[in-house]
2 protein chains.
Amino acid sequence: MNENQAGAATTVRWLEPHEQRAWRAYLDMNAQLSARLNREMQEESGLSTADFSVLVQLSEHVDARMRVLELARALGWEKSRLSHQLTRMQQRGLIERSNCSEDRRGAFIVLTAGGRDAVEGAAPRHVESVRRYLFDELTPDQVDALGAIARAVTDRLGAGCAGIADVCADTADPCD
Amino acid sequence: MNENQAGAATTVRWLEPHEQRAWRAYLDMNAQLSARLNREMQEESGLSTADFSVLVQLSEHVDARMRVLELARALGWEKSRLSHQLTRMQQRGLIERSNCSEDRRGAFIVLTAGGRDAVEGAAPRHVESVRRYLFDELTPDQVDALGAIARAVTDRLGAGCAGIADVCADTADPCD
DNA sequence: TACATTTTGTTGACGGCTCAACAAGATACA
DNA sequence: TGTATCTTGTTGAGCCGTCAACAAAATGTA
């Protein structure tokens, strides 16, 4: 965009050139890095990164079984996104839905043996990719800086309450 | 995932705890920031961030008209993604396709008056959002660090050739 | 008990992205 | 000229994500 905007333009604090460059570089990094990681995981392990995230959460959990909303909160996903995702993963034998005796509305999501094999096969390759494209290119200071930046931003955004009011505690929006 | 993997696990360089934290923080930042910016632009201006990116490219270009592949290269998108996107944008009157006399296969993509109004209306609000959620939370050093990190990673990834071989010069893959 | 409200989770419609296939014009070259 | 190849761009199938609507069970309250 150029800076000769009509209307309220005079009051807009446009990005400074170095901010503009940082912002576009960040957008590029994101787009390229996520595309690359997704494609490599798909080719090497037959999983999407979304599949992988779900499997990792389950495999890290005691008994490898979780309630749907528990999983949604852990992932920061909307429940309907997760439900669709679980349907697809169930069809491929990565997870199973089992009834919950304490709450008959509910379902437990259970990691299958195939799901465990898939995540354990994908994890080492994925770590290698993340190292290759990200950490190997950064100095230790840059790694720490990235972490600090990301935490500052997610703190501002409400640490998971943006757009997933669905699965967040119904407190007042702490974001403004 | 835990680190007691079967098989080749002994040779895998798992992420160190501080790398793990930085990585997950980065993933969270991305997911939340892009979701928030997308939602705000949709609510305030009726555009997706994809619409906005296309409109910005066009509006920055002399005559506000570009060939499809030129646009695809500028955005780092696959041509088919762009083609679908343009079809939707054309239906909403944001852009028009016009014939190219020099190359009768080709099409010029032209920004309409409505498209220009849309991008000029959206830009100030979008800048405010980007400031609010990102730059206002970062120190000047962090802004520079973010830019440097992003450039290091995109350089490693081949600066736009990842997954869009479609629209890239057909050089050998410089990524491995 | 009866009834409203909240919580849990699924579904369908629709926009968006990727991939492979395709059409048609441009280009190279014999 | 003829023809093989490359380039430009679109299309359709299918997966993915969001939104709104819904069903059913749990919970609160009279």
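Within every chain, numbering begins at 1; the chains are lettered A, B, ... in the order of the sequence lines, protein sequences first and strands thereafter.
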query = If you measure only the distance, is there a donor-acceptor pair under 3.5 Å linking the side chains of Arg88(A) and Gln85(A)?
reply = yes
key: Any side-chain heavy-atom pair of Leu37(A) and Met41(A) under 4.5 Å   = no
query = Contact class for Arg92(A) (heavy atom, under 4.0 Å): base, sugar-phosphate, or nothing?
reply = nothing
Among dG17(D), dG9(C), dA20(C), the nucleotide that comes nearest once only the side chain of Gln85(A) is considered = dG17(D)
Distance in angstrom units between Phe108(A) CZ and dG9(C) C1', rounded = 14 Å
Length of the CG-C1' vector between Leu86(A) and dT10(C), whole Å = 11 Å
key: Side-chain N,O (Arg39(B)) to OP1/OP2 (dC19(D)) below 4.0 Å   = no
task = May I have the step-by-step check of salt bridge (charged side-chain N to carboxylate O under 4.0 Å, His left out) for Arg67(B) and Asp103(B), ending in yes or no?
result = CA-CA 10 Å; Arg67(B) 295 290 296 269; Asp103(B) 185 339; 3.7 Å; yes
message = Could you check whether the side chain of Ser48(A) and the base of dC16(D) have a donor-acceptor pair of N or O atoms closer than 3.5 Å, going by distance alone?
response = no
query = Any side-chain heavy-atom pair from His61(A) and Gln57(A) closer than 4.5 angstrom?
reply = no
ask   = Would you say Arg67(A) reaches dG9(C)'s phosphate, i.e. side-chain N/O to OP1/OP2 under 4.0 Å?
value = yes
Grab the N/O contacts between the protein and nucleotides 26-29 of chain C below 3.5 Å, and write none if there aren't any.
residue, atom, partner, partner atom, Å
dA26(C), OP1, Arg104(B), N, 3.3

Euclidean distance, atom CG of residue Leu82(A) to atom C1' of dC16(D) [Å, nearest integer] = 13 Å
request  = Return the value, rounded to whole Å, for the distance between atom CG of Asn99(B) and atom P of dT8(D).
outcome  = 17 Å
request  = Using a cut-off of strictly less than 4.0 Å, decide whether Arg97(A) has a side-chain nitrogen or oxygen near OP1 or OP2 of dT10(C).
outcome  = yes
message = With heavy-atom distances below 4.5 Å as the criterion, would you say the side chains of Arg92(A) and Asp51(A) are in contact?
response = yes
Gap between atoms CD1 and P, on Ile95(B) and dT10(D) respectively (whole Å) = 9 Å
ask   = Under a 4.5 Å cut-off applied to non-hydrogen side-chain atoms, are Thr49(B) and Gln42(B) in contact?
value = no
ask   = Between Lys79(A) (NZ) and dT10(C) (P), how many Å, whole number?
value = 10 Å
note = Residue pair Val68(A)/Gln42(B) against DNA chain C: nearer the 5' end by closest nucleotide is Val68(A)
ask   = Just how far, in rounded Å, is C1' of dG9(C) from CZ of Arg73(A)?
value = 12 Å
inquiry  = Does any part of the side chain of Met66(B), heavy atoms only, come nearer than 4.5 Å to the side chain of Phe108(B), both counted from C-beta?
reply    = no
inquiry  = Taking 4.0 Å as the cut-off, does a side-chain nitrogen or oxygen of Arg81(B) come that near to OP1 or OP2 on dG16(C)?
reply    = no
ask   = Roughly, in whole Å, what's the span from NE2 in His84(B) to P in dA21(C)?
value = 15 Å
